[in-house]
Structures are given as C-alpha cells and as structure tokens.
Amino acid sequence: MRHSPTQLFKHNLSLTTFQHSLLPTPAPKPLLSNNNRRASEQKCLSLLQTCDSLPKLSQIHAYLLKSGLHTNSFVLTKLSSTSSSLRSIDYAFSITFSNNPLLPPSYDAFLFNTFIRGYAHSHNSQSKAISSFSLMLENNIPPNKFTFPFVLKACAGLRDLNLGKQIHGFVSKFGFESDPYVQNTLIHMYASCGDGLEIARKVFDEMPKTEPVCWSAMIGGYVRGGRCNEAVVLFRMMLGAGVRPDEITVVSVLSACADLGALELGKWIGVYVEREGIAKTEPLCNALIDMYAKCGSIEDGANLFRVMPEKSIVSWTTMIDGLAMHGHGGEAIALFEEMKDAGVVPDDVAFVGVLSACSHAGMVEEGCRYFNLMKSEFSIVPKIEHYGCMVDLFGRAGLVERALEFIRDMPVEPNPVIWRTLVCACRVHGEIELGESISKQLIGDEPMHESNYVLLSNVYASMQRWEKKSKIRNLMGERGIRKVPGCSLIELDSQIYEFVAGDKSHPQYKEIFDMVEEMGWELRSAGYVPTTSEVLLDIDEEDKEDTLYRHSEKLAIAFALLNTKPGTPIRIVKNLRGH
DNA sequence: TTAGGGTTAG
C-alpha cells in the first residue's frame, strides 16, 4: 500500500475490515526453482477450478505460502472469482492487501475489477465495491473500460446520487464518456437514484441510440420511478427510430402496461413479440402474465401460464398473485399447493402472495397454517411484509383484537405500515377509539406522511365528526402536506390519458363535463340513485352528488364514450390501489 | 481473464 485509504468517498472502508482470522501467518521459505514453481502454480490453479468453499480457499492459500510462491495478481484474481460468495471475495481482498511480505505489489486493473465486480454484484456490499475503486485510484492504477460499468452498477445499488455524480466525474476524467457500455450504465445508475431520472434522460438524449440496451435502461428507469406513461412514450419513440426492441425492452414495457392497465398496448406487444420472433423467454412470459392479470384479463394470463414450457418461482408467484387480485383466493391457494407438488420451493415472495390471497378470501385459519408452515417447513424467517399480511388477515376478518395481540407478540418492531393496516381494519369494523388513538400516534411519529392524516380523517368521517375531520385537513394544509390525488387512467388507441377529480386540463373538458351530466340524467331515468354515504365529506346531499359526478372515473368514462364507437369496452385503472 | 438493460411482493 502506498497510501492509507482517504476519505475520498463517504463509503470508504478501512482495510482493517478485511483482516481475516483465517489468514495464515507468513513464514520465510526458500524459493522454488522456476520449473517447480510453474508446476506448483499449475497445481494451485487446478485446485482453484474445483474450489467452492472458503475453507478450501484458505487451504489453497496456505499451500501457496508454504511453497513460497509469489501470489501474483493472476492467481489472486482466480482466487477471488472462484467462488462468488461474499466471504471468498473478502478473503481474497484481505490476502491481497495485507502486509504479507510474500505478496508482490503487482496490482493491476484486472485485479481491482475482479474485486469491484464481486462486490457490485453482491447484495449489501456495494459500498465495498466503491472502496475498492477508491483503493485502485490511491494506488495509481488507472481504471480501464471494464471498471466503470462495475462501479456504476454499485452506485445504482446504493441509490446514492451524489456518489454517482462523483463517479461520473471520474468517467470523464479518464475519458470513457463516449463508451456505449459506460453510457448505458450511467443511465441505469442515474435512473436508479430517485431524483436522477432527468440526468439519466440527458445522458440518454445525447448518446447515439442504435442499440436496444440504452432504451431499455431509460424505459426501465421510468418504470421503476413510477413514470410508466413516459416509459410507453419512449417505447413508441424507439419503434419510430427504427430500433428493434429485444425481450428485455419488452419486459420493461409490459411492466409499464401492467401498471397503467394498458391492455390494448400489452396485447399488441404480445402479437409483436410473435411477429418479430422475439425470444419468448420465461421472464417475458412472466411479464405478459402479470400484465394480463393487472389489466383485468386473468384468463389470458392463465392460458399462457398453462402452456409456458419453463416455470420458475416467479411465474408461479405471478399467477398466484393474479388469481388473488381477482378475488379467486381459493384458486390461488390451490395453485400454491400445485406449485409445491411440482417440486418448486416457495420463497418469501410466494408466501406474501399466498398469505394475501388468504386475507382477501377471508380464510383466517388457512392463513395461520401457511404462516406457520413458512417457518417450520421452509425455514423462512418472516419479514415485516409477512407480519403485515397477518395483521391484514385478522383485520379484514373483523378480528381486530386478535390483530392487536398478534402485533404485540411480534418478534420485530411493528412499522407504520403495520399500524396503518390495523387502522383500516378499525375504521371498517367500527373500532373507532382504537383507530383514532393509533392514527394520532402515527401522526406524531411521522408528521410528514400523508396517509396518516388521510386515515385519521376517514376515521372521523365514519364517526360523522366533520369538525374534527376538517381540522385534520387544515393541519395538513398548514404543514404543507399534499394528498396524492386519486386519478383514473384510460387507454385509447394505445395512448394513455389521465384524469383527476374535476379535471379541466383536457382540451375536451367542456364536452366531457356535458357528457358526465348526460350520463347522470340517463342513469337517473333508469332508476339509479347515487349512494352518497361513501363520499365522506361534510357537504350537503346535492354537493355530494355533484362530487360523485366529477369523480375521475366518471370523467374517464365520459371521455371514452365521446371518443369511441358504441360497444367498445371501456377499461379504467385507478392509481390508488391497496394501502 | 474482466463490460450494458428486465419479471413476482400491501
């Protein structure tokens, strides 16, 4: 080491972190002859080929030292890439950078890249990738074109925009700004860091866009950021630019369609995949099934699920969730059993699916059975989501007391999501005092979280305590907390249109409002009487009806009636689903 | 001997 690590990055790690207890004590050894050395090195490398555990690694290392071999970077790199387990990488790192006298300082970019790659690909260790990069610079090893994709991937995993910007600075400094691989990972990195989407787009706009990868990176970024409409717009632009999407682009766009409820576009993509001969891989089928299910077309999803040749745990879970989403709790559970019988081992996500299926189907005892099975038979440690499912299971079934007991007995600290789930149950099942006191607690704990106020406000509304309700709404105003407006999405000619309540932003808004009016007349003449109790507002009956008629859903329906031929199915998707 | 984008979860 020429320098000790500096505070170049906030993710900097001290080298002492990597001192490993298995590190053998170096002993001075006579050097072997060149021939013997080569033979020993060969033996070592062949041992490394079959090495799959840390103890074996340390045995090989001990052998290296015993033979007095100079563990050059090639051998060390082999050592760290032999097993992808994090502890092996840590071990290789520690023997590389310890002050072992037998180790020559023959560090090179390839060696550092190996460490950076290992850490960047392993969960929760991305900061070590950054430290390794930092160490590389401190040792005056110039990064090469392979280095930055690894480093940027680590930044993406850390979701640290400032760090990403620093790395971007090094990309420029070392002259890799126009490398397409680097540009693609720059987009991916910025698009993974919350506020970085606009910068990602800037990188995207300024690069040549002839390959699908950069389009996928940008589209995927929009999807992860919840900006699915923009993802779809970009996909159209891609087709317009004559770039042929591959199966990965398609998976991202299908995920956007699922979120937007864009069934027509989703189906069109299904046809496009067939027509263009895009590989119908297992992940692509999963994305199609998910799209069908979330767009209300569960039969299409089920048909594809039945015929797809390879089903992974993701495929099964997607289908189980789809059935549960459509209220087919029993079928979802049956499919979970079928999956187990087929020898597919359920993971934690699959259990979230089956537990929420039980919850929505009101199958309390089944849910409890699966919760216990998860722990006993599959040794899965329940996460907070699983506890949340259980609280929801009891809460929906009206067993508020049992839900509360369950929370008290949980081995983990209940988070606000758990409490909000319970408050919902309190409101629905008339446990008003409990709901009120938990909500107040929540507002105290998380004063900037919108849904805490909305929940309490709804609790008051169900008690008809209008003055308290408006106090809460005022409090939100004072604290500058905005409620995410409910909005309805509708797809027309594969374009997505959005409406919020009372929306006047659409150029056709006058015609739309007239159409809503007409719909109201027709409904009344057909004998429809609006239910006003669910409006939950302290206004007189006439205004309540008016509010009902200006609902975003109504505006979307009116818009669709105005712009489609009679008999066209109309599908509306809401942005606010679940809690 | 090392490179880029993707699917399930309240």
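Given the structure is predicted, the values throughout are model-derived calculations rather than measurements. Residue numbers start from 1 in every chain, and the chains themselves are labelled A, B, ... in the order their sequence lines are given, proteins ahead of strands. Only heavy atoms go into these numbers, but all of them, side chains included; no hydrogens, no water, no symmetry mates.
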Heavy-atom neighbours of A/Lys173 NZ exceed 12 at 6.0 Å: no
Indicate, with yes or no, if the rings of [X] and [Y] have centres closer together than 6.0 Å.
{"X": "A/Phe204", "Y": "A/Trp215", "result": "yes"}
{"X": "A/Phe336", "Y": "A/Trp316", "result": "no"}
{"X": "A/Phe351", "Y": "A/Phe371", "result": "no"}

Provide, to the nearest angstrom, the distance between the [atom1] atom belonging to [X] and the [atom2] atom belonging to [N].
{"X": "A/Asp347", "N": "B/dT7", "atom1": "CG", "atom2": "C1'", "value": "13 Å"}
{"X": "A/Trp316", "N": "B/dT7", "atom1": "CH2", "atom2": "P", "value": "22 Å"}
{"X": "A/Leu234", "N": "B/dG6", "atom1": "CG", "atom2": "C1'", "value": "15 Å"}
{"X": "A/Met136", "N": "B/dT2", "atom1": "CE", "atom2": "P", "value": "16 Å"}
{"X": "A/Phe204", "N": "B/dG4", "atom1": "CZ", "atom2": "P", "value": "19 Å"}
{"X": "A/His360", "N": "B/dA9", "atom1": "NE2", "atom2": "P", "value": "12 Å"}
{"X": "A/Ile89", "N": "B/dT2", "atom1": "CD1", "atom2": "C1'", "value": "13 Å"}
{"X": "A/Met390", "N": "B/dG10", "atom1": "CE", "atom2": "C1'", "value": "15 Å"}

Ignoring backbone atoms, establish whether [X] has a side-chain N or O less than 4.0 Å from OP1 or OP2 of [N].
{"X": "A/Arg224", "N": "B/dG6", "result": "yes"}
{"X": "A/Lys294", "N": "B/dA9", "result": "yes"}
{"X": "A/Ser216", "N": "B/dG6", "result": "no"}
{"X": "A/His386", "N": "B/dA9", "result": "no"}

Across the strands shown, which category fits [X] at heavy-atom distances under 4.0 angstrom: base, sugar-phosphate, nothing?
{"X": "A/Thr249", "value": "base"}
{"X": "A/Asp246", "value": "base"}
{"X": "A/Phe351", "value": "nothing"}
{"X": "A/Asp348", "value": "nothing"}
{"X": "A/Ser312", "value": "nothing"}
{"X": "A/Asn113", "value": "base"}
{"X": "A/Val251", "value": "base"}

Stacked pair A/Phe146-B/dA3, distance under 5.5 Å, angle under 30°: no
Where the side chain of [X] is defined as all heavy atoms beyond and including C-beta, which of [options] is the nearest nucleotide?
{"X": "A/Glu211", "options": "B/dG4, B/dT8, B/dG6", "answer": "B/dG4"}
{"X": "A/Tyr181", "options": "B/dA3, B/dA9, B/dG5", "answer": "B/dA3"}
{"X": "A/Phe150", "options": "B/dT7, B/dA3, B/dG6", "answer": "B/dA3"}
{"X": "A/Phe110", "options": "B/dG10, B/dT8, B/dT1", "answer": "B/dT1"}
{"X": "A/Arg117", "options": "B/dA3, B/dG10, B/dT7", "answer": "B/dA3"}
{"X": "A/Pro180", "options": "B/dG4, B/dG6, B/dT2", "answer": "B/dG4"}
{"X": "A/Glu247", "options": "B/dG6, B/dT8, B/dG5", "answer": "B/dG6"}
{"X": "A/Pro283", "options": "B/dA3, B/dG6, B/dT8", "answer": "B/dG6"}

With A/Ala397 via side-chain contact (heavy atoms from CB on, under 4.5 Å) - residues at least two apart: A/Val364, A/Leu399
Charged tip of A/Lys145 within 45° of A/Phe176 ring normal and under 6.0 Å: no
Donor on one side chain, acceptor on other, A/Thr147 and A/Asn144, under 3.5 Å: yes
